[in-house]
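The next block holds one structure in the form of structure tokens; read it before the comments.
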Amino acid sequence: MTDSAQVEAFVSVAGNLEPERHLFAAMEALEQHVAITGVSTFYRTPAIGRPEQPDYLNGAVSIRTGYSPLALKHDVLRPIEAQLGRQRSSDRYAARPIDLDLLLYHDQVIVEEALTLPDPDILTRPFLSAAILELAPHMKLPGDEQMLRQRVDTRVLADLTVDKALTQRLKERFIP
């Protein structure tokens, strides 16, 4: 861990190969490095453009961390993915046991080859915006003057498929 002050960040947690097992394992590994302060509802979603793949389970966690954004991504999230069998390839939409992505890091706006914050997928993938709104209902994305809830079509959020049992087990395990 770095010596910097603790800040709030949001990490998406997803997978479609034995996802329930891998979600728990990823969050257990994550809590060895950061404090998990919130767990969102988890949603079942079809694989983007890949009807032959199993559905994904998608959600997010809020954390407190002293890691810098790049250190969090490269020294914590990527090693957890590798430990759980994630093999990155040129196929962005390949099936995966676990996918951990840094969505937001305090109020930082970063646009670099290695990292873009806030993650632009927040506004295009309803399960991400729903997860963040649940964890931080009054969220304004860094660099944006509008509240996130004003930028999201709530009708789309209502169509998401909630995995209630998994969500309950994750919240019971990871939220004090």
Response to the item:
Closest non-hydrogen atoms of Leu104 and Ile122, given as atom of the first, atom of the second and distance, are CG-CD1, 3.9 Å
Worksheet item: Rounded to the nearest 0.5 Å, how far does CG of Leu157 lie from CG of Leu133?
Response: 7.0 Å
Worksheet item: So how far is it from Leu128 CG to Tyr43 OH, rounded to the nearest 0.5 Å?
Response: 10.5 Å
Worksheet item: Would you say the side chains of Thr41 and Glu134 form a donor-acceptor pair under 3.5 Å?
Response: yes
Worksheet item: Do the side chains of Met27 and Leu100 join up, straight or via other hydrophobic residues, at under 4.5 Å, putting them in one cluster?
Response: yes
Discussion item. Side chain to side chain contact (heavy atoms under 4.5 Å, CB included), that's the test. Do Phe10 and Ile63 meet it? Break it down for me.
Written reply: CA-CA 6 Å; Phe10 295 82; Ile63 63 170; over 6 Å; no
Discussion item. Do Val7 and Leu30 sit in one hydrophobic cluster, given that two such residues count as connected whenever their side-chain heavy atoms are within less than 4.5 Å of each other, even indirectly?
Written reply: yes
Worksheet, complete the sentence: In short, Arg86 meets Ile98 closest at the heavy-atom pair CD-O, 3.2 Å
Item to complete: Give me the one residue out of Met147, Arg149, Gln150 that meets side-chain contact (heavy atoms from CB on, under 4.5 Å) with Lys140.
Response: Met147
Fill in: hydrophobic_cluster_shared for Val76 and Leu70, side chain cutoff 4.5 Å
yes
Worksheet item: Would a hydrophobic clustering, with Ile, Leu, Val, Met, Phe, Trp and Tyr connected at side-chain separations under 4.5 Å, put Leu84 with Leu77?
Response: yes
Worksheet item: With a 4.0 Å cut-off, would you call Arg21 and Glu18 a salt bridge?
Response: yes
Worksheet entry | Minimum-distance pair of heavy atoms, taken over all atoms of Tyr105 and Tyr67 | OH-O, 2.5 Å
Worksheet, complete the sentence: What one should report as the nearest heavy-atom pair of Glu8 and Ser62 is OE2-CB, 4.2 Å
Worksheet item: Say you draw a straight line from CG of Leu170 to CD1 of Ile175; how long is it, rounded to the nearest 0.5 Å?
Response: 9.5 Å
Worksheet, complete the sentence: Distance col, row Ser68:OG vs Asp75:CG, nearest 0.5 angstrom, shows 7.5 Å
Please list every donor-acceptor pair under 3.5 Å in which a side-chain atom of residues 54-61 meets a protein atom from a residue at least two apart or in another chain.
unit_1: Tyr56; atom_1: OH; unit_2: Ala94; atom_2: O; d: 3.3
unit_1: Tyr56; atom_1: OH; unit_2: Arg96; atom_2: NE; d: 3.4
unit_1: Asn58; atom_1: ND2; unit_2: Thr45; atom_2: OG1; d: 2.5

Discussion item. For a salt bridge (charged side-chain N to carboxylate O under 4.0 Å, His left out) check, start with the C-alpha distance between Glu172 and Arg169, then their side-chain angles and the critical distance, and finish with the verdict.
Written reply: CA-CA 5 Å; Glu172 285 173 356; Arg169 289 193 316 273; over 6 Å; no
Fill in: Flag, side chain of Asp121 to backbone of Thr124, donor-acceptor distance under 3.5 Å
no
Item to complete: Step by step, work out the side chain to side chain donor-acceptor pair (under 3.5 Å) result for Gln32 and Glu28.
Response: CA-CA 7 Å; Gln32 300 302 310; Glu28 286 170 350; over 6 Å; no
Worksheet entry | Polar side-chain atom of Lys73 near backbone of Ala114 as donor-acceptor pair, under 3.5 Å | yes
Worksheet item: If you measure from the Lys or Arg side-chain nitrogens to the Asp or Glu carboxylate oxygens, is any gap between Glu20 and Arg173 under 4.0 Å?
Response: no
Discussion item. Please give the remaining members of the hydrophobic cluster of Leu17, linking ILVMFWY side chains under 4.5 Å, ordered by chain and number.
Written reply: none
Worksheet item: Can you tell me if Thr116 uses its side chain to pair, donor with acceptor, with the backbone of Val111 under 3.5 Å?
Response: no
Worksheet entry | Audit row: Thr167, Lys171, side chain to side chain contact (heavy atoms under 4.5 Å, CB included) steps and yes/no | CA-CA 6 Å; Thr167 298; Lys171 288 184 178 196; 3.7 Å; yes
Worksheet item: Under a 4.5 Å cut-off applied to non-hydrogen side-chain atoms, are Arg88 and Asp99 in contact?
Response: yes
Worksheet item: Taking everything shown except Glu112 itself, do over 12 heavy atoms lie less than 6.0 Å from its CD?
Response: yes
Worksheet item: Closest heavy-atom contact between Leu102 and Leu117?
Response: O-CD2, 3.5 Å
Worksheet item: What's the spacing between Thr161 OG1 and Arg44 CZ if we round to 0.5 Å?
Response: 9.0 Å
Item to complete: Answer yes or no: does atom NE2 of His74 have more than 12 heavy-atom neighbours from other residues, nucleotides or ligands under 6.0 Å?
Response: yes
Worksheet entry | Non-hydrogen side-chain atoms of Phe127 and Phe42 separated by less than 4.5 Å | no
Fill in: Partner residues of Asp119 under the salt bridge (charged side-chain N to carboxylate O under 4.0 Å, His left out) criterion, sequence neighbours left out
none
Worksheet item: What closest approach, in Å, do Leu141 and Pro118 show between heavy atoms, and which atom pair accounts for it?
Response: CB-CG, 4.2 Å
Worksheet item: How many angstroms lie between atom OG of Ser12 and atom CG of Asp101, to the nearest 0.5 angstrom?
Response: 4.0 Å
Discussion item. Please determine whether side chain to side chain contact (heavy atoms under 4.5 Å, CB included) holds for the pair Val34 and Leu72, giving the CA-CA distance in whole Å, both sets of side-chain angles, and the decisive distance to 0.1 Å.
Written reply: CA-CA 9 Å; Val34 301; Leu72 183 59; 4.1 Å; yes
Fill in: Single-linkage hydrophobic cluster Leu160~Leu135, side-chain heavy atoms < 4.5 angstrom
yes
Practice prompt. Count the heavy atoms of every other residue, nucleotide or ligand shown that sit under 6.0 Å from CD of Glu52, and state whether that count exceeds 12.
Written response: yes
